[in-house]
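Have a look at the structure below, then the notes.
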Amino acid sequence: MNQPANFQAPNLPISQPTNPYVGPRTFTEREGRFFFGREREARDLTARIVSERLLLFYAQSGAGKSSLLHARVIPRLRDEERFQVLPVGRVSGEPPAGAAVDNIFAFNLMTSLDQSGESPVRLAHVTLSDFLARLTRETVTDTEGRRSWRWVYKPVLMVERPAAGVAPAATGPRFVLVIDQFEELITSHPGRWREREDFFRQLNQALLDDPNLWAVPTLREDYVAALDPCAELVFNRLRARFYMERMGVAAALDAIRKPAELAGRPFAAGVAERLRDDLCQIRVAGQEGTVPGQYVEPVQLQVVCYQLWEQLKVSGSRLQVGDDDSNLQPATFEPVTHSITEADLREAGNVDQSLAAFYESAVASVVAQPTLGVNEQQLRTWFSTKLITETGTRGTVFRNEQRRETAGLPNAAVDALARQFLLRTELRAGGSWVELVHDRFVEPIVRANRARQTPLALDAEAWQAAGRAPTLCYEGQKLQDALRRIAAHPEEHNEIEREFLRAGQQGEERRKALRRKRMQVIFGTLGALIAVLAVAALVFAAAARSNSEFAQVQRLAAERAAAAALTAEAAALAQKEMAEAASTEVVVALSTAQAANAAQVRAMVELEAALQVNLTALALAAATPMPAATPSPTRPAFTPTLPAPGATPRPTATALRTSTPAPSPTANPLVVAQQTQLAQVRATQTVLATVCRLPAGATFARAWDRAGLGCPTAGEAAVTTAYEAFERGWMLWRKDNDQIYAFFDGGTYRTFTLPSEARPEFACAEAASLGNPRLGFSRVWCEDADVRGRLGNPLAGEIGGDRPLQAFEKGFMIYTTERGGVIGVYAAGQWSGPR
């Protein structure tokens with residue numbers, strides 16, 4: 001690296017600031033005068049860089065690493081420590097189309113440092129050490145005479161190398177290379193992971209070849225461990241590290257108050273403190289409302305203060321900008337006429353309103369990009385249902401690189417939201433997980449979405465949150481109106497709304513089918529009753545005709561037997577007695593059957609109306625004499641014996657009672673039909689005798705396996721649970737019985753009860769390499785080798801929330817959206833679902 005002799009750093013252009021707060025973006029060096037709250041970190045980091053030629057600088061996402069470097073550290077390295085600071089480099093990027101590069105990460109770093117504007121293809125096969133040795137600084141002058149410099153790679157530049165085995169001398173100026181967002185070495189180009197080690201070798205060689213070179217890779221805390229396999233490839237094994245903690249409340253107060261003072265409108269007494277207290281509020285699981293936290297998110301602080309300043313009406317003060325932008329001392333101001341008061345804070349809105357305005361701006365920005373392919377309603381629903389849980393806390397969603405989507409939203413849209421500091425991505429359990437940048441955004445987003453959502457969207461969300469309860473679906477005219485709206489403007493509605501309406505259509509079809517089935521039963525019953533009445537009418541008519549014919553035969557026989565009146569009268573009396581006895585038996589039997597049937601009918605409320613019609617018909621039949629009581633007309637007529645002529649007539653000693661057998665009564669069709677119906681009633685009573693005392697809940701009624709689970713022992717309730725998915729199954733914790741269930745693919749499960757002295761977190765050696773499942777699940781997973789072997793590695797983080805659950809005699813049923821429906825858990829160690 002080279003520079004012109006007697007080079008003087010040119011003055012930077014000056015611009016009048018309109019807002020002393022930068023909002024969600026990174027501070028630039030020109031805005032360093034407004035950067036406060038990190039003075040100690042800037043001082044300590046500068047000292048560590050000077051003392052360590054390779055220093056790893058890391059912090060949590062959103063802690064302000066890049067702002068600290070640009071606003072404080074780089075100016076101090078240049079102005080106080082006399083370092084020549086190279087352009088801030090990056091290892092991410094894409095090579096030119098059709099170009100093959102030796103090392104994609106070294107190539108991207110070199111192209112970010114070279115400011116010549118020439119084709120980057122010339123760097124495709126250059127090593128990092130050779131590139132840095134030929135990187136020189138040039139002074140350029142624009143048309144207005146202002147000077148600036150740029151760093152240019154000159155491959156023709158001759159470089160003197162020391163002889164083999166001779167250490168290069170440390171003479172001349174020192175250079176520092178800052179590599180920002182160094183985690184991109186891990187996150188970008190995963191298919192070229194083998195080139196990571198070569199990049200570290202090239203960086204180490206560049207440091208060995210040039211003793212005047214310093215390097216400061218900066219990255220997020222959660223990626224530091226991923227660099228450990230490459231630590232042995234550099235001379236200091238990456239032991240020199242500097243960690244920047246999150247911004248504390250004292251530093252946050254300086255970051256709020258001092259920029260306003262510098263811009264000429266300070267906060268009144270107590271106002272900045274009140275704003276700070278609002279910004280440090282956090283949510284704690286299981287508690288309502290918020291509590292003061294230990295830290296403040298810098299991005300959130302800048303967003304709120306930026307929104308506040310934009311709404312203030314500044315008067316009576318003006319920032320006086322000095323001539324030398326490198327001077328970070330406070331500038332001079334005209335007298336301040338007034339300060340930011342409680343009234344100004346109320347007029348500008350509270351923290352929630354500022355955060356909501358920032359959220360609205362981010363949503364509008366993403367929707368305005370047609371290449372992303374998302375609409376406003378889709379985006380708002382994604383925030384409400386994927387990033388915010390049912391209990392009002394932050395949720396995490398898995399970023400699927402293969403499908404290029406994150407919980408249904410294109411990854412390109414997710415990246416656009418992350419660039420506006422509304423989302424952040426973390427690497428956990430072998431995958432990337434996306435979440436809101438801070439808990440404080442939850443309530444403002446919920447309120448903003450509800451204010452913009454249509455009634456249909458709100459009803460669809462309520463249906464989704466209630467486990468897709470059928471009772472919440474639209475029906476009738478309301479359903480038809482919603483279907484017409486979604487057909488007219490499909491781009492304004494999301495998939496949850498469409499599923500909500502499809503569920504309403506399915507419910508409408510089920511209701512229509514049920515009505516048709518009921519009508520078929522009613523018409524079938526009426527048809528059967530009419531058929532029975534018709535048969536009864538035919539039977540009664542036949543009986544009437546038979547009675548008439550028999551009467552005629554009786555009269556003819558009586559006329560022919562006039563001479564034998566005494567004998568015929570005796571025979572008629574005998575037959576009458578036998579007929580009356582037979583008729584009495586039939587009537588008694590029929591009455592007994594009617595009484596028994598009536599008792600069963602009274603027990604069956606749902607069959608009362610239909611059976612009443614049958615009883616009425618039987619009563620009518622009973623009023624007409626049954627044909628079985630009269631001798632059959634086909635029997636041979638009784639012919640008396642006449643005395644011979646001239647003989648003295650003798651009366652017959654005994655009536656011929658045995659000449660005609662007793663009549664056998666014909667089976668009555670009504671009685672047969674009544675008996676059949678009584679059998680059906682008895683079967684129905686047998687079924688009804690086993691009716692459960694409690695019904696299955698609305699969520700579980702359709703999927704209830706009555707034979708396997710038995711009757712409900714309690715009503716449906718929302719039970720606090722925790723859920724975590726694994727490679728070959730899942731785990732569930734129920735708060736009501738404090739038990740953990742390990743469900744294995746194949747339909748079996750085991751239960752565990754943690755000891756009361758169990759620590760909140762538990763880890764083991766296997767957990768370190770297989771995803772580190774946390775809390776109670778971790779203890780079961782670590783201590784039980786069978787569970788660990790059958791479940792495999794966790795696929796996602798633990799998810800808490802209230803889920804519908806109902807207990808039964810032989811197990812319980814639970815609804816989980818993660819498993820896709822209702823799960824049946826049997827006491828015999830089996831489970832099934834979803835249904």
Side-chain angles (χ1 to χ4, degrees), residues 24 303 307 352-390 392 394-425 432-437 441-466 468 472-474 478-505 817:
V303 166
Q307 294 289 121
D352 286 343
Q353 291 171 332
S354 298
L355 296 176
F358 175 69
Y359 165 71
E360 294 287 0
S361 176
V363 169
S365 174
V366 172
V367 172
Q369 302 179 48
T371 57
L372 299 180
V374 295
N375 58 55
E376 181 178 353
Q377 195 61 47
Q378 177 187 2
L379 201 57
R380 292 181 183 277
T381 302
W382 185 77
F383 273 96
S384 298
T385 59
K386 304 300 182 182
L387 295 186
I388 300 175
T389 68
E390 298 175 1
R394 276 191 301 174
T396 57
V397 290
F398 179 70
R399 180 185 174 99
N400 194 319
E401 298 295 349
Q402 294 181 344
R403 297 181 181 178
R404 297 182 179 179
E405 57 91 12
T406 302
L409 194 70
N411 283 346
V414 175
D415 293 338
L417 292 167
R419 285 193 295 271
Q420 300 184 61
F421 300 94
L422 187 59
L423 304 180
R424 66 181 174 194
T425 304
S432 298
W433 297 85
V434 179
E435 64 180 356
L436 285 173
V437 70
F441 275 98
V442 171
E443 189 63 27
I445 289 177
V446 170
R447 291 182 180 178
N449 286 348
R450 289 193 177 277
R452 293 293 189 93
Q453 282 182 315
T454 63
L456 172 60
L458 293 174
D459 292 341
E461 284 188 16
W463 169 75
Q464 177 84 352
R468 304 195 170 198
L472 299 180
C473 291
Y474 286 176
K478 190 174 184 179
L479 174 62
Q480 299 305 317
D481 293 342
L483 289 171
R484 281 193 292 270
R485 286 195 301 271
I486 204 170
H489 303 284
E491 72 284 353
E492 297 179 0
H493 302 275
N494 55 50
E495 188 58 29
I496 292 181
E497 295 173 41
R498 296 187 181 91
E499 292 179 2
F500 174 62
L501 295 183
R502 281 196 293 268
Q505 288 178 300
T817 55

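Numbering of residues begins at 1 and proceeds along the displayed sequence. For the numbers below, each heavy atom of this structure counts, side chains included, while hydrogens, waters and symmetry mates do not.
- Expressed to the nearest 0.5 Å, how far CZ of R403 lies from CZ of F398 amounts to 10.0 Å.
- Ring orientation note: the planes of F500 and Y474 are nearly perpendicular, at an angle over 60° on the 30°/60° scale.
- Here the straight-line distance linking atom CD of E499 with atom CZ of R468 works out to 4.0 Å at 0.5 Å rounding.
- Residues passing the side-chain hydrogen bond (donor to acceptor under 3.5 Å, both in side chains) test with R502 are E495, sequence neighbours excluded.
- Taking R399 as the reference, E401, D415 meet the salt bridge (Lys or Arg N to Asp or Glu O under 4.0 Å) condition, with sequence neighbours excluded.
- The shortest heavy-atom contact between A362 and L422 is CB-CD2, 3.9 Å.
- If you take CD1 on I445 and CD1 on I388, they are separated by 5.0 Å, rounding to the nearest 0.5 Å.
- Every residue meeting the side-chain hydrogen bond (donor to acceptor under 3.5 Å, both in side chains) condition with R394, not counting sequence neighbours, appears here in chain and number order: D439.
- Residues satisfying the side chain to side chain contact (heavy atoms under 4.5 Å, CB included) criterion with T385, sequence neighbours excluded, are T381, E461, I496.
- When all heavy atoms are compared, the tightest approach of V374 to A413 is CG1-CB, 4.3 Å.
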**Study point:** Residue pair F383, L423: steps toward the side chain to side chain contact (heavy atoms under 4.5 Å, CB included) verdict
**Key:** CA-CA 10 Å; F383 273 96; L423 304 180; 3.9 Å; yes

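- When the side chain to side chain contact (heavy atoms under 4.5 Å, CB included) test is applied to V367, the partners found at least two apart in sequence or on another chain are V363, E376, L379.
- At least one donor-acceptor pair closer than 3.5 Å links the side chain of E405 to the backbone N or O of A407.
- Contact detail for L479 and Q505: the closest heavy-atom pair is CD2-N, 3.8 Å.
- Taking CG of L355 as the reference point, atom CD of Q307 lies at 9.0 Å (rounded to 0.5 Å).
- Counting all heavy atoms, side chain and backbone alike, C473 lies closest to G504 at CB-CA, 3.9 Å.
- When all heavy atoms are compared, the tightest approach of T406 to N400 is OG1-N, 4.4 Å.
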Review point. After noting the C-alpha distance and the side-chain angles of Q378 and L409, does the key distance pass the side chain to side chain contact (heavy atoms under 4.5 Å, CB included) rule?
Key: CA-CA 8 Å; Q378 177 187 2; L409 194 70; 4.2 Å; yes

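- Every side chain to side chain contact (heavy atoms under 4.5 Å, CB included) that L472 has, sequence neighbours left out, goes to W463, A466, A469.
- With sequence neighbours left out, S365 forms a side chain to side chain contact (heavy atoms under 4.5 Å, CB included) with Q369, Q420.
- R380 CZ to E360 CD: the interatomic distance, rounded to the nearest 0.5 Å, is 4.0 Å.
- Residue L387 holds its CG atom at 5.0 Å from CG of L436, rounded to the nearest 0.5 Å.
- Considering only residues two or more places apart in sequence or on other chains, R484 meets the salt bridge (Lys or Arg N to Asp or Glu O under 4.0 Å) condition with D481.
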